[in-house]
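Shown next, in structure tokens, is the structure this report addresses.
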Amino acid sequence: VCVCVCVCGWRRYMSESAALALRGGEGADAAMQAFGGDGGRDTVLVVLAGAAHVEGRDGLPSRLSRRLGDAQGAQSAAEARAFTVLPESVRWTADGLPDIAHPKGRQEADWVWYTCRELDLV
């Protein structure tokens with residue numbers, strides 16, 4: 001129970017911080033403003049978060065989209081949706097391709113970045 005509360009609190013903090021940076025104005029992150037972020041529709045923010053925080057668009061992406069929604073003038077939920085890249089460590093074939101039965105679909109992430117396992121622990 002304690003771990004779940006901590007993870008939810010951490011996700012809330014990350015999504016609110018990202019939303020403040022994207023919105024600009026009062027309360028925005030000073031670093032974002034220093035690099036020219038004005039919170040407009042053309043502002044891009046890259047957040048590096050662990051796979052558990054983005055997989056299945058659960059956690060950080062869904063919370064950020066809910067926070068931005070109408071604040072960014074989005075016409076739909078899809079327009080306010082965060083673009084996600086999911087890192088996935090897998091075995092590789094001798095041909096240099098990921099050794100997977102089926103690639104993950106769009107319901108998991110916009111892109112899946114398959115990386116080679118350094119050590120095969122499984």
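- The ring pair (Phe, Tyr, Trp, His ring centres under 6.0 Å) test applied to W113 returns no partner, not counting sequence neighbours.
- Put simply, CZ on R12 and CZ on R67 are 6.0 Å apart, with the number rounded to the nearest 0.5 Å.
- Minimum heavy-atom separation, A18 to L64: CB-CD1, 3.9 Å.
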Donor-acceptor pairs under 3.5 angstrom involving side-chain atoms of residues 98-105: please list them, not counting sequence neighbours.
from: K104; atom 1: NZ; to: E55; atom 2: OE2; distance (Å): 2.7
from: K104; atom 1: NZ; to: E88; atom 2: OE1; distance (Å): 3.3

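- Among all heavy-atom pairs drawn from Y114 and W92, the shortest one is O-CZ2, 3.4 Å.
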### Query
Stepwise, does the side chain to side chain contact (heavy atoms under 4.5 Å, CB included) test hold for S15 with H53?
CA-CA 10 Å; S15 63; H53 295 291; over 6 Å; no
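- Closest of all the heavy-atom pairs between T84 and A109 is OG1-CA, 3.2 Å.
- No chain of hydrophobic side-chain contacts below 4.5 Å, direct or via other Ile, Leu, Val, Met, Phe, Trp or Tyr residues, connects L86 to V90.
- The shortest non-hydrogen separation linking A51 to P87 is CB-O, 4.0 Å.
- In the hydrophobic cluster analysis, where Ile, Leu, Val, Met, Phe, Trp and Tyr join through side-chain heavy atoms closer than 4.5 angstrom, V47 is grouped apart from V54.
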